[in-house]
Peer 1: 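Take this structure first; my questions come after.
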Amino acid sequence: MGGCVSTSSHSTCSSQSNGEPVSSSCLRIGFRRQKRTKRTFSDHVYALQNLPSAPNRIFMNGKSRSSCIFTQQGRKGINQDAMIVWEDFMSEETIFCGVFDGHGPYGHLVARKVRDTLPIKLMSFFESPQSKQNDSGKTCFQKNLKKPPDCDGSEKDGFVEDGLNSVWRDAFLNSYKAMDKELRSHPNLDCFCSGSTAVTIVKQGSNLFMGYIGDSRAILASKDANNSTVATQLTVDLKPDLPREAERIKRCKGRVFALQDEPEVPRVWLPFDDAPGLAMARAFGDFCLKEYGVISIPEFSHRTLTDADQFVVLASDGVWDVLSNEEVVDIVSSAPTRSSAARFVVDSAAREWKLKYPTSKMDDCAVVCLFLDRRMDSESDCEEQGFLSATLRSNHSGTAIESDDGQRSEPCLQRNNTVRSSEEKDSYTGLPVDDMEIGDAVAAEDQNWSGLEGVTRVNSLVQLPRFSEERPVS
């Protein structure tokens with residue numbers, strides 16, 4: 001659930017007519033060799049400021065060749081949810097998906113920073129000396145995940161799978177660690193009492209690799225023997241009341257308890273103060289609690305997909321607070337078009353919020369639907385829904401813009417996808433990313449930020465000062 005301030009993100013699709021798919025020059029872990037000219041990772045780092053226009057990458061409401069994504073602002077302010085689908089991620093057969101749910105005064109900035117930077121750090125792992133030195137278990141999956149002639153037998157198949165899992169586990173662990181380290185040292189982004197969840201998956205051929213922290217969730221829809229669609233939860237909601245999480249927090253002198261007004265929401269508190277009241281056990285940022293048991297180490301898991309598997313849904317807890325896994329699978333399956341499936345899930349969640357929590361402020365919702373057969377609706381079907389007009393325009397004219405006012409902004413080539421008020425649009429255009437984030441932080445100061453009101457179910461009830469100038473020593 002989003003923290004205390006939130007905005008709606010709007011429809012766009014990255015231009016697929018310019019540039020080449022992102023690839024990595026050190027992909028000994030089973031990525032298909034590209035027919036197109038490869039670019040070095042330094043080229044991608046150099047192009048980091050141009051991420052909104054990267055090909056095959058969508059991060060606002062819209063669709064790609066195999067997915068649809070949608071987010072809607074709740075009733076707490078700026079939308080603190082962020083999401084991404086990046087097709088041809090490092091190779092033509094690989095897709096990266098993620099949902100990030102920010103919380104705290106600057107949660108929307110943290111979520112968007114993680115959304116933009118974490119995939120790059122995942123790429124960078126495969127360029128690192130650590131990755132290049134660890135050649136054990138990689139020999140039998142150098143090209144494609146196809147089994148070379150000398151890799152026969154179930155024993156060697158298991159060796160390949162174990163090696164692949166090991167490489168991706170290291171990639172997720174190292175990229176999450178590097179992401180949190182960057183947030184801690186960021187000169188313009190205050191993460192002392194703000195943070196973000198993350199649920200990220202990489203689909204590579206028939207393999208699904210997952211890394212996640214916090215309480216955003218991923219589920220899988222599959223056909224059973226009776227041809228009925230069933231839901232399987234792929235991730236665990238890492239909340240403070242999980243025994244292993246609570247034990248770790250208490251060992252680190254943190255406290256875990258729920259408020260009387262919301263006994264169903266356990267929270268993490270400092271040992272010496274009833275703050276900040278974080279409703280998750282793992283998160284990026286939240287450095288006021290990092291010494292007291294809240295960590296950013298992701299859980300990792302792997303699943304081999306079969307022909308019975310239909311689609312994957314990632315969503316923030318604004319959805320899971322009111323809809324079950326089975327209900328979400330039914331909603332996606334019954335959507336009139338695949339391109340509208342994510343939107344239908346969010347609309348259903350909004351209705352359930354009004355029914356189940358009529359006195360509360362609805363949380364932000366973000367949904368990613370990834371269809372495993374990679375078949376989407378035709379463009380004409382999407383236009384009939386009136387759903388992708390801005391996305392289709394952006395493919396020809398540039399990158400659509402995230403706005404704070406809940407209104408769709410026209411695509412534009414000059415602006416980055418960071419938050420700013422309408423009055424600040426001109427003054428920040430063309431500035432480097434870090435300078436623009438300074439403006440973002442100033443704008444965030446002006447937002448109304450409230451704590452618990454009725455059953456608001458916010459992620460953090462922090463009452464600590466913002467510490468925008470002074471930071472704890474790393």
Side-chain angles (χ1 to χ4, degrees), residues 20-36 38 41 44 54-58 64-67 84-99 118-128 131-132 134-135 137-148 151 156-176 198-212 218 220 222 232 234-235 298-314 368-375:
E20 301 169 357
V22 175
S23 61
S24 175
S25 62
C26 179
L27 300 176
R28 299 186 298 268
I29 59 166
F31 296 122
R32 181 182 298 277
R33 289 189 180 274
Q34 306 253 0
K35 295 180 181 178
R36 312 170 196 179
K38 291 183 178 179
F41 179 73
H44 300 301
N56 306 316
R57 172 186 180 272
I58 60 171
S64 68
R65 297 192 303 266
S66 58
S67 67
I84 183 175
V85 171
W86 195 334
E87 297 183 346
D88 298 337
F89 177 72
M90 299 194 289
S91 78
E92 293 178 354
E93 292 187 346
T94 307
I95 303 173
F96 176 90
C97 301
V99 166
L118 185 61
I120 301 297
K121 293 193 178 298
L122 199 58
M123 287 182 188
S124 72
F125 172 80
F126 298 109
E127 296 286 342
S128 66
S131 174
K132 293 178 181 179
N134 183 18
D135 292 329
K138 296 180 183 178
T139 306
C140 291
F141 45 89
Q142 286 186 337
K143 296 180 182 179
N144 310 331
L145 294 184
K146 288 184 178 179
K147 191 168 57 175
C151 289
K156 291 187 177 180
D157 285 343
F159 172 75
V160 171
E161 182 174 338
D162 290 344
L164 194 60
N165 284 346
S166 176
V167 172
W168 275 108
R169 179 181 288 105
D170 290 345
F172 276 102
L173 290 174
N174 281 272
S175 59
Y176 272 61
V199 55
T200 54
I201 66 170
V202 173
K203 179 185 178 295
Q204 182 192 5
S206 61
N207 292 287
L208 201 64
F209 304 100
M210 293 158 279
Y212 54 95
L220 173 69
S222 309
T232 302
L234 298 174
T235 61
E299 290 280 284
F300 172 83
S301 60
H302 164 257
R303 185 181 181 95
T304 302
L305 299 171
T306 68
D307 292 339
D309 298 325
Q310 304 295 303
F311 55 85
V312 176
V313 178
L314 287 70
V368 170
C369 297
L370 175 65
F371 296 94
L372 301 176
D373 59 9
R374 305 198 70 167
R375 292 200 301 267

Peer 1: Give the minimum heavy-atom separation between S66 and R374, together with the two atoms involved.
Peer 2: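 Smallest heavy-atom distance, with atoms named: CB-CA, 3.7 Å.
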Peer 1: With a 4.5 Å limit on heavy-atom distance, are the side chains of L118 and S175 in contact?
Peer 2: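 Yes, their side chains come closer than 4.5 Å.
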Peer 1: Quick one: OG on S166 to CZ on F300, what's the gap to the nearest 0.5 Å?
Peer 2: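 Answer for the OG-CZ pair, S166 versus F300, is 8.5 Å.
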Peer 1: Supply the atom-to-atom distance R57 CZ to D88 CG, rounded to the nearest 0.5 angstrom.
Peer 2: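 Going from the CZ atom of R57 to the CG atom of D88 covers 14.0 Å.
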Peer 1: How long is the gap from OH on Y176 to CZ on F125, to the nearest 0.5 Å?
Peer 2: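 With rounding to 0.5 Å, OH (Y176) is 14.5 Å from CZ (F125).
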Peer 1: With a 4.5 Å limit on heavy-atom distance, are the side chains of M90 and F126 in contact?
Peer 2: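 Side chain of M90 against side chain of F126, heavy atoms only: contact under 4.5 Å found.
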Peer 1: Would you indicate whether the side-chain heavy atoms of T200 and F209 approach each other to under 4.5 Å?
Peer 2: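 F209 vs T200: side chains apart.
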Peer 1: List in chain and number order the residues that pass side chain to side chain contact (heavy atoms under 4.5 Å, CB included) with T235, two or more places apart in sequence or in another chain; answer none if no residue qualifies.
Peer 2: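 Listed in chain order: V199, Y212, R217, A218.
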Peer 1: Side chain to side chain contact (heavy atoms under 4.5 Å, CB included) with L305: which residues, sequence neighbours excluded?
Peer 2: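 Partners of L305 under the side chain to side chain contact (heavy atoms under 4.5 Å, CB included) test: K203, L208, L220, D309, L372.
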Peer 1: How would you list, by chain and number, every residue that makes a side chain to side chain contact (heavy atoms under 4.5 Å, CB included) with P119, sequence neighbours excluded?
Peer 2: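 Partners of P119 under the side chain to side chain contact (heavy atoms under 4.5 Å, CB included) test: I84, W86, F89, F96.
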Peer 1: Looking only at heavy atoms, what is the nearest atom pair of I58 and S67, with distance?
Peer 2: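 So the two residues come closest at CD1-OG, 4.1 Å.
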Peer 1: R303 and side chain to side chain contact (heavy atoms under 4.5 Å, CB included): which partner among T232, I201, V312, N207?
Peer 2: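 Filter result, single survivor: T232.
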Peer 1: To the nearest 0.5 Å, tell me how far C97 SG sits from L314 CG.
Peer 2: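 With rounding to 0.5 Å, SG (C97) is 6.0 Å from CG (L314).
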Peer 1: With rounding to the nearest 0.5 Å, note down the distance linking CG in L164 to CZ in R169.
Peer 2: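 Nearest 0.5 Å value for the CG-CZ distance: 11.0 Å.
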